[in-house]
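The block underneath contains the structure these notes are about, expressed in structure tokens.
Note on naming: letters A, B, ... go to the chains in the order of the sequence lines (proteins, then strands), and numbering restarts at 1 for each one. This is a predicted model, so every value here is computed, not measured.
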Amino acid sequence: DAGVTQSPTHLIKTRGQQVTLRCSPKSGHDTVSWYQQALGQGPQFIFQYYEEEERQRGNFPDRFSGHQFPNYSSELNVNALLLGDSALYLCASRLAGVANTGELFFGEGSRLTVL
Amino acid sequence: SQQGEEDPQALSIQEGENATMNCSYKTSINNLQWYRQNSGRGLVHLILIRSNEREKHSGRLRVTLDTSKKSSSLLITASRAADTASYFCATEEYGNKLVFGAGTILRVKS
């Protein structure tokens, strides 16, 4: 049973560039959330996707956008990168509805460095 | 913004000792969860306690929840070197959004 997989694991970009991070949820899961974790901090919620729509959004600017595909996989896009966007980006999945136990399953993350 | 505040920020103990971490939060919650993270990798879910529960056990883990004080504690008994990690509490708000604290770094010395 495959868990949550993310790609790439590491990447380096320069200020002003754009980046796309990818996530495949755990088998059977239909809801995907993205979190940003700065060094030494706890993860912060970016947004959540269900049925290919953004359902909830955290306090992040419009430079952060996402997408969910019919197979439930998801992408996180960040435009006009800033130095402060350097962080570990975590994808998490779960089942929606009555099957939801509340537990999130996390991937290993994509570490983004902005120079 | 982060709702949970973990205490202490860092904890160093000997193998076999118990480790206690505390978490405080600010708003009403559906449940409170604890997660573990090894060396900046993905988070692993440890235990979930619902707002109407006061105590829960899972193996060597014991979690308490005091909704009147908006606080929770995680106890790891008989710690092992492999328990060395960062531990985060997370409160679940409307829509299953999790709000994490800054974490406690636990080091277990063998």
Same apolar cluster (I L V M F W Y, side chains within < 4.5 Å links), A:Phe106/A:Leu76: no
Strictly distance-based, threshold 3.5 Å: is any side-chain N or O of B:Asn18 a donor or acceptor partner for the main-chain N or O of B:Ala78? yes
If you count every heavy atom of other residues, nucleotides or ligands that lies below 6.0 Å from B:Arg107 atom CZ, does the total exceed 12? no
Tell me, side chain or backbone of A:Leu90 under 4.5 Å from chain B's heavy atoms, or both, or neither? side chain
Given the options A:Gln48, A:Gln37, A:Arg55, which has more heavy-atom pairs under 4.5 Å with chain B than any of the others? A:Gln37
For B:Leu106 and B:Ala19 the tightest heavy-atom approach is CD1-CB, 4.0 Å
Identify which part of A:Phe47 has an atom lying under 4.5 Å from any heavy atom of chain B, answering side chain, backbone, both or neither. neither
Quick check on B:Leu48 against chain A: is it the side chain, the backbone, both or neither that has a heavy atom closer than 4.5 Å? side chain
Please classify the contact between A:Gln56 and chain B as side chain, backbone, both or neither, with a heavy-atom cut-off of under 4.5 Å. side chain
Given the side-chain rings of B:Phe100 and A:Tyr35, with only the six-membered ring counted for Trp, is the space between their centroids under 6.0 Å? yes
Non-hydrogen atoms of chain A under 4.5 Å away: do they reach the side chain of B:Gln9, the backbone, both or neither? neither
